[in-house]
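First the structure, then my questions, so here it is.
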Amino acid sequence: MTERKVKQRTTVTIYGQQYTVVGHEPPTHVMEVAQMVDEKMREIRKRNPYLDTTRLAVLTAVNVVDEYKKLLEEHEKALKELKRMTGDE
């Protein structure tokens with residue numbers, strides 16, 4: 001028997017706008033993610049005060065994906081190093 005996760009609705013505020021996020025993740029996780037997005041938008045806005053909200057959101061997305069890709073690369077390097085050290089190559 002497979003366990004079905006119930007979708008939950010969580011209302012969050014990002015850059016002054018409210019959004020309702022529907023998904024399987026716990027509300028605390030969704031709120032933490034939203035807070036991180038809000039913080040990143042505000043950080044970028046400080047450096048680029050004349051961006052409109054759409055450009056700010058796109059620039060935020062580009063920055064977040066850049067950070068994500070760099071973390072994935074670091075993770076892959078660490079896994080390769082671990083395999084090398086343990087002889088599991």
Side-chain angles (χ1 to χ4, degrees):
M1 195 185 282
T2 60
E3 185 179 320
R4 296 182 87 186
K5 281 187 165 183
V6 176
K7 286 186 179 180
Q8 299 184 54
R9 300 173 81 78
T10 307
T11 301
V12 297
T13 302
I14 300 172
Y15 206 68
Q17 293 283 94
Q18 280 198 332
Y19 299 92
T20 299
V21 179
V22 180
H24 298 291
E25 297 298 332
T28 53
H29 175 80
V30 175
M31 288 187 273
E32 286 175 11
V33 169
Q35 182 180 356
M36 291 175 75
V37 171
D38 184 74
E39 288 171 3
K40 180 59 82 173
M41 287 183 77
R42 292 177 190 285
E43 172 190 318
I44 291 171
R45 177 56 150 230
K46 281 183 184 176
R47 290 181 280 160
N48 303 280
Y50 301 107
L51 289 175
D52 61 53
T53 304
T54 300
R55 292 182 194 279
L56 176 61
V58 170
L59 191 55
T60 300
V62 169
N63 276 264
V64 169
V65 171
D66 177 58
E67 290 173 10
Y68 174 73
K69 282 187 58 61
K70 288 176 180 173
L71 284 171
L72 283 178
E73 290 169 6
E74 286 178 29
H75 179 71
E76 280 298 313
K77 286 179 186 177
L79 284 177
K80 285 179 184 176
E81 180 64 15
L82 181 62
K83 285 181 180 180
R84 187 190 65 75
M85 292 173 67
T86 60
D88 290 342
E89 290 185 67

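Heavy atoms only: backbone and side chains are in, while hydrogens, waters and symmetry mates are out.
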Completion exercise
Smallest heavy-atom separation, Ile14 atom then Asp38 atom, equals C-OD1, 3.6 Å

Problem - Shortest non-hydrogen contact between Thr60 and Lys40, atoms and distance - result: CG2-CG, 3.6 Å

Exercise for the section: Output yes when a side-chain donor or acceptor of Asn63 lies under 3.5 Å from a complementary backbone atom of Leu59, and no otherwise. Expected result: yes

Exercise for the section: Look up atom CD in Gln35 and atom OG1 in Thr13, then write down how far apart they are to the nearest 0.5 Å. Expected result: 11.0 Å

Handout entry: Stepwise side-chain contact (heavy atoms from CB on, under 4.5 Å) check, His24 with Lys7
Key = CA-CA 5 Å; His24 298 291; Lys7 286 186 179 180; 3.5 Å; yes

Problem - Gap between atom OG1 of Thr86 and atom CD of Glu81 - 0.5 Å precision - result: 10.0 Å

Fill in the blank from the handout: Heavy atoms of Arg42 and Tyr15 approach each other most closely as NH2-CA, 3.6 Å

Exercise for the section: Report the distance from atom CD of Glu32 to atom CD of Glu25, rounding to the nearest 0.5 Å. Expected result: 11.0 Å

Practice task
Could you tell me whether the side chain of Val64 reaches within less than 4.5 Å of the side chain of Val37, counting heavy atoms only?
Solution key: no

Practice task
May I have the step-by-step check of salt bridge (Lys or Arg N to Asp or Glu O under 4.0 Å) for Glu43 and Arg47, ending in yes or no?
Solution key: CA-CA 7 Å; Glu43 172 190 318; Arg47 290 181 280 160; 3.2 Å; yes

Handout entry: Atom NE2 of His75 with >12 non-hydrogen neighbours under 6.0 angstrom
Key = no

Practice task
Supply the atom-to-atom distance Leu56 CG to Ile44 CD1, rounded to the nearest 0.5 angstrom.
Solution key: 6.5 Å

Problem - Shared hydrophobic cluster, Tyr19 / Met41 (ILVMFWY, side-chain heavy atoms < 4.5 Å) - result: yes

